[in-house]
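Right, one structure below, let's go through it.
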Amino acid sequence: PDQALCERAGEGYESPRARRDARIRALQSGRMLGSMPVAAGGIIFLHDDQAVWAVDPENAESSVWRFDLGDDTSRGQGVSSEDEPPPQFTTLAADGRVLVHLERALPESDTSQIHSSSCLVCLDARSGRLVWRNNLEQFAKPFEQTRVDGAGLYHDGAYFVVVRRQKPFGFEACHLIRLDSKTGKVQWSAHLGEAATGTYGYSRATLSHPALAGDLVFVASNLGTIAAVETSNGRIAWITTYPSKYATAANTDGLWTERPTTPAKAWSYPAPIVWRDLVIAMPLDADHLHLLIRDDGVVVHKEPAGAIG
């Protein structure tokens, strides 16, 4: 997968030397750290936007199995440009199954610039057999696409995944969904925020990783909200808002809000940390690290981001 990403890192550059230099810059910056493997049962699982691999570290010359969507594939979430935030190809392995998000191709249209959308795929960890696939079509209307954020969670026989509904002119909504791990059926969806996210054609959805503690899932949406959601029924236990540092930013024409491009790297999207009775969150669109009361989301302290590290 890393070789494939490297080969695509220079797309859009004219000369072989420019493409080579772009790859070098991408590798040095850490932007290529997109595929994040996970180990379970002595096997390593990883994926990119098109395929999933199972690798035995004792015999890594060939994969144990490989899965892809066949003809129904797209490169919509591949590495696009040097300045764009990295993709997050995270893998969840639990209870003998592997959960990943892949890119599926959408029907060609002369009126839409959207050519791909995310889908969730659940595989048998031992054989790579497809258990179920959910295209998440209920979350995207015409001229919209669905994006799946990083690492899902497994709890009490269910998967919890952060999903984005994105429009090509720079607007997205953040949802936390619960799916039946055996069937892939969406059991509930909690809307956690939405915001303008960039200029027309901005192609990378905002990312965030959820965290689980007890019977609550915590999400920093990177869209001006931090929330706690009950795992059993999707009820929002609390939601806290903060001033997004991109809310009033505008481009040179003063028309559109701008989202971060650099210096976002693969490690720029930390999940909230639950520690004793506190939740610690550092949203990508905030100027401060937030400490919140776990039970009600009240902010008890904010630390300027520039003072950390």
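Residue numbers run from 1 in the order of the sequence given. Reckoned from all heavy atoms, side chains included, excluding hydrogens, waters and symmetry mates.
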Quick one: does Ser117's side chain have a donor or acceptor within less than 3.5 Å of a partner on Gln145's backbone? no
Close side-chain approach of Thr231 to Leu216, heavy-atom, < 4.5 Å: no
Side-chain (Thr240) to main-chain (Gly297) donor-acceptor, under 3.5 angstrom: yes
Output yes when a side-chain donor or acceptor of Thr225 lies under 3.5 Å from a complementary backbone atom of Gly193, and no otherwise. no
Any donor and acceptor pair, going by atom type alone, linking the side chain of Asn59 with main-chain N or O of Ser62 inside 3.5 Å? no
Say you draw a straight line from CD1 of Ile293 to NE2 of His301; how long is it, rounded to the nearest 0.5 Å? 12.5 Å
Report the distance from atom CG of Leu291 to atom NZ of Lys302, rounding to the nearest 0.5 Å. 12.0 Å
Taken to the nearest 0.5 Å, the spacing of Ser189 OG from Leu179 CG works out to 9.5 Å
Please determine whether side chain to side chain donor-acceptor pair (under 3.5 Å) holds for the pair Ser118 and Glu103, giving the CA-CA distance in whole Å, both sets of side-chain angles, and the decisive distance to 0.1 Å. CA-CA 5 Å; Ser118 297; Glu103 284 293 296; 3.0 Å; yes
According to a hydrophobic-cluster definition based on side-chain heavy atoms being under 4.5 Å apart (Ile, Leu, Val, Met, Phe, Trp, Tyr only), do Leu223 and Leu192 belong together? no
Considering only heavy atoms from C-beta outward, does the side chain of Arg104 approach that of Asn135 to under 4.5 Å? yes
What do the steps show when you test Leu99 against Trp132 for side chain to side chain contact (heavy atoms under 4.5 Å, CB included), and what is the final call? CA-CA 10 Å; Leu99 180 72; Trp132 53 259; 3.7 Å; yes
Apply side chain to side chain contact (heavy atoms under 4.5 Å, CB included) to residues Val161 and Leu176 and explain how you reach the verdict. CA-CA 6 Å; Val161 179; Leu176 177 69; 6.0 Å; no
Return each pair, listed once, that meets side-chain hydrogen bond (donor to acceptor under 3.5 Å, both in side chains) where at least one residue sits in residues 119-129; pairs must be two or more places apart or across chains. Asp124-Ser127
Lys185: partners by side chain to side chain contact (heavy atoms under 4.5 Å, CB included), with sequence neighbours left out: Thr183
Residues 272-283, side-chain donor-acceptor partners within the protein, below 3.5 Å, at least two apart:
none

Is the shortest heavy-atom distance from the side chain of Val229 to the side chain of Trp188 under 4.5 Å? yes
Work out which heavy atom in Ala190 is nearest to a heavy atom in Gly234; give both atom names and the distance. CB-O, 3.7 Å
Please say which of Val298, Val300, Ile226 ends up in a side-chain contact (heavy atoms from CB on, under 4.5 Å) with Leu292. Ile226
Using ring pair (Phe, Tyr, Trp, His ring centres under 6.0 Å) as the criterion, list what pairs up with His191, not counting sequence neighbours. His175
Contact check, side chains of Leu102 and Phe67, non-hydrogen atoms, under 4.5 Å: yes
Do Leu123 and Val52 make a side-chain contact, defined as non-hydrogen atoms from C-beta onward lying under 4.5 Å apart? yes
Can a side-chain donor-acceptor contact be found between Asp285 and Tyr242 if the only test is distance below 3.5 angstrom? yes
Heavy atoms only: give me the nearest Asn222-Ser208 pair and the separation to one decimal. ND2-CB, 3.8 Å
For the atom pair CG (Asn233) and CD1 (Ile236), what is the distance rounded to the nearest 0.5 Å? 11.0 Å
Could you check if a side-chain atom of Val121 sits within less than 4.5 angstrom of a side-chain atom of Leu130, using non-hydrogen atoms only? yes
Walk me through whether Val38 and Leu46 qualify under side chain to side chain contact (heavy atoms under 4.5 Å, CB included). CA-CA 7 Å; Val38 63; Leu46 71 160; over 6 Å; no
Flag side-chain contact, heavy atom, 4.5 Å: Val219 against Val162: yes
Looking only at heavy atoms, the pair that brings Ala271 and Pro210 closest together is CB-O, 3.8 Å
Check for me, please, whether Leu69 and Phe45 land in the same ILVMFWY cluster - side-chain distances under 4.5 Å, paths through other members count. yes
To the nearest 0.5 Å, atom CD1 of Ile44 lies from atom CG of Asp56 at 8.5 Å
Phe160 with Ile239, same ILVMFWY side-chain cluster at under 4.5 Å: yes
Taking the six-membered ring for Trp and the single ring otherwise, decide whether the centroids of His47 and His101 are under 6.0 Å apart. yes
If you take all heavy atoms of Lys182 and Val131, which pair is closest and at what distance? O-CG1, 4.1 Å
By salt bridge (Lys or Arg N to Asp or Glu O under 4.0 Å), Arg235 pairs with (sequence neighbours left out) Glu230
Where Asp295 and Trp238 come nearest, the two heavy atoms and their spacing: O-CD1, 3.4 Å
Apply the test side chain to side chain contact (heavy atoms under 4.5 Å, CB included) to residues Tyr159 and Arg178: give CA-CA distance (whole Å), side-chain angles for both, the deciding distance (0.1 Å), then the verdict. CA-CA 6 Å; Tyr159 293 125; Arg178 170 177 165 142; over 6 Å; no
So which heavy atom on Ile177 is nearest to which on Phe139, and how close? CG2-CZ, 3.3 Å
Can we say Glu194 and Arg164 salt-bridge, meaning some charged N sits less than 4.0 Å from an Asp/Glu carboxylate O? no
Quick check: do Ile43 and Val64 have side-chain heavy atoms less than 4.5 Å from each other? yes
If you round to the nearest 0.5 Å, how far is CD of Gln187 from OG of Ser232? 11.0 Å
Would a single hydrophobic cluster contain both Leu212 and Phe218, if residues Ile, Leu, Val, Met, Phe, Trp and Tyr are joined by side-chain heavy-atom contacts under 4.5 Å? no
Can you list the residues that meet the salt bridge (Lys or Arg N to Asp or Glu O under 4.0 Å) rule with Arg66, with sequence neighbours excluded? Asp68
